[in-house]
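One structure below.
In what follows, every heavy atom counts, from backbone to side chain, and hydrogens, waters and symmetry copies are set aside. Chain letters run A, B, ... following the sequence lines, proteins first and then strands; every chain starts at 1. Computed from a predicted structure; not experimentally measured.
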Protein chains: 2
Amino acid sequence: MSDNSPDFTVSLRAAGLRPTRQRVALARVLFEGGHRHVTAESLHAEVKATRMPVSLATVYNALNQFRDAGLLREVVVAPGRSYFDTNIGHHHHFYVETDGELYDFPSADVVVAGLPAPPEGTRLSRVDVIVRVRR
Amino acid sequence: MSDNSPDFTVSLRAAGLRPTRQRVALARVLFEGGHRHVTAESLHAEVKATRMPVSLATVYNALNQFRDAGLLREVVVAPGRSYFDTNIGHHHHFYVETDGELYDFPSADVVVAGLPAPPEGTRLSRVDVIVRVRR
DNA sequence: GCAAGTCTTTAGAATGCTTCTAAGGTTCTT
DNA sequence: AAGAACCTTAGAAGCATTCTAAAGACTTGC
């Protein structure tokens, strides 16, 4: 590596994933800029635009693997509408129902207090807060 | 009406829906007992068990209409997994990811404070809190 | 560096959930 | 009761996602 771009080969390997051409190309698009909200379709279109041949099935596979590895977070906002969020820190979402847009907001100032204890025999996985708005 | 069962004919009409045989049968199953979480499939099975012929398409139509009329609330917990909740009061949900179960909990004691203002030009529609747990 | 082994990608088929179509039935209005 | 409006239906279609099995790419051991 002679440039200063992040070495996705290393991070993929650290996540237990072989750094294949497609996975590296996908990681670049996903993690090279700021935080992103992508769908499988939108990511597929973006990566193909970089002239790297990738099938839609591979995009789905990679998104699921990245999510399972903790590199992405999945946000389901409506039936058949699921986003992958590159921001894995604590934060919540605005979802604009009228046009399907999703925006992050930091959880810093948001207080979710008074949650009851989880049902017997379960442990907390995550608390999702989706603030739904309309135009 | 000679018995003491709620008159769904009236409530359907109040919601702007013709009280057809199928809609009345669906309303009965949905609203006659305590609060329910149903899927289209589970409701279809239940209504057919009452010997009222109803197609799956009609169940989908009715669920969407009931939701649009404010009689039901839709909760999307995972891609391709959507519940309809007969509890339309303020409350939130536990979702047991490992077995797909959904439980209500009242919002009475839960405080969600410090939410940022909605994006320009939008108005608040609803705040969904889903507490995800695993076994 | 090469061969063998393992994992990955792929196109296309398949799945699962939901909506659409258009034909026939039901409910409402007068 | 007749006409108009609306609803239900089976089956087809649609959309997002996953599966299949065959070909290709990465890795390991030599």
Q) Is there a side-chain contact between Val96(A) and Arg135(A), using heavy atoms and a 4.5 Å cut-off? A) yes
(Q) Is any side-chain heavy atom of Thr86(A) closer than 4.5 Å to one of Phe66(A)? (A) no
Q | Separation of Gln65(B) CD from Leu12(B) CG (nearest 0.5 Å) | A |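 Those atoms lie 9.5 Å apart.
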Q.
Taking atom CZ as the centre, does Arg21(B) end up with more than 12 heavy-atom neighbours from other residues, nucleotides or ligands that are less than 6.0 angstrom away?
A.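 Counting other residues, nucleotides and ligands, CZ of Arg21(B) stays at 12 neighbours or fewer.
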(Q) Heavy atoms only, 4.0 Å cut-off, all strands: where does Arg23(B) land among base, sugar-phosphate and nothing? (A) sugar-phosphate
Q: Using a 4.0 Å heavy-atom cut-off across all strands, classify Pro79(A) as base, sugar-phosphate, or nothing.
A: nothing
Just how far, in rounded Å, is [atom2] of [N] from [atom1] of [X]?
| X | N | atom1 | atom2 | answer |
| --- | --- | --- | --- | --- |
| Arg81(B) | dC17(C) | CZ | C1' | 12 Å |
| Tyr83(B) | dC17(C) | OH | P | 11 Å |
| His44(B) | dC17(C) | NE2 | P | 14 Å |
| Leu63(B) | dC17(C) | CG | C1' | 13 Å |

Q. Counting only N and O atoms by type, is there a donor-acceptor contact under 3.5 Å from the side chain of His91(A) to the main-chain atoms of Gly89(A)?
A.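 Checked: pair present.
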Q: Check for a donor-acceptor pair, side chain of Thr122(B) on one end and backbone N or O of Arg134(A) on the other, with a separation under 3.5 Å.
A: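 It does not hold such a pair.
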Q: Please determine if Asp85(B) and Arg36(B) form a salt bridge, counting it only when a charged side-chain N lies under 4.0 Å from a carboxylate O.
A: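 Between Arg36(B) and Asp85(B) there is no salt bridge, as every charged N stays at least 4.0 Å from the carboxylate O atoms.
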Q. Would you call Arg28(B) and Glu46(B) a salt bridge, taking side-chain N to carboxylate O under 4.0 Å as the test?
A.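 Looking at Arg28(B) and Glu46(B), the cut-off is not met.
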Q) What is the bend of the helix from dG1(C)-dC30(D) to dT30(C)-dA1(D) when you compare the axis at one end with the axis at the other, using five pairs each and rounding to 10°? A)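 Computed angle between terminal axes is 30°.
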Q) Any luck finding a side-chain donor-acceptor pair between His93(A) and Asp128(A) under 3.5 Å? A)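 There is no such pair between these side chains.
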Q) Between Asp104(B) and His37(B), is any side-chain donor less than 3.5 angstrom from a side-chain acceptor? A) yes
Q) Below 4.0 angstrom from OP1 or OP2 of dT19(C), is there any side-chain N or O of Tyr60(B)? A)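 Tyr60(B) to dT19(C) OP1/OP2: no side-chain N or O under 4.0 Å.
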Q. What string of B, S and - do you get for nucleotides 20-30 of chain C, 5' to 3', when a contact is any protein heavy atom under 4.0 Å?
A. B------BS--
Q) Taking all non-hydrogen atoms of both residues, which atom of Phe84(A) and which atom of Arg67(A) are closest, and how far apart? A)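 It is CE2-CB, 4.2 Å.
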Q. Just the endpoints, please: which first and last nucleotides of DNA chain D, 5' to 3', lie under 4.0 Å from a heavy atom of chain B?
A.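 Nucleotide range with atoms under 4.0 Å of chain B: dA5(D) to dA10(D).
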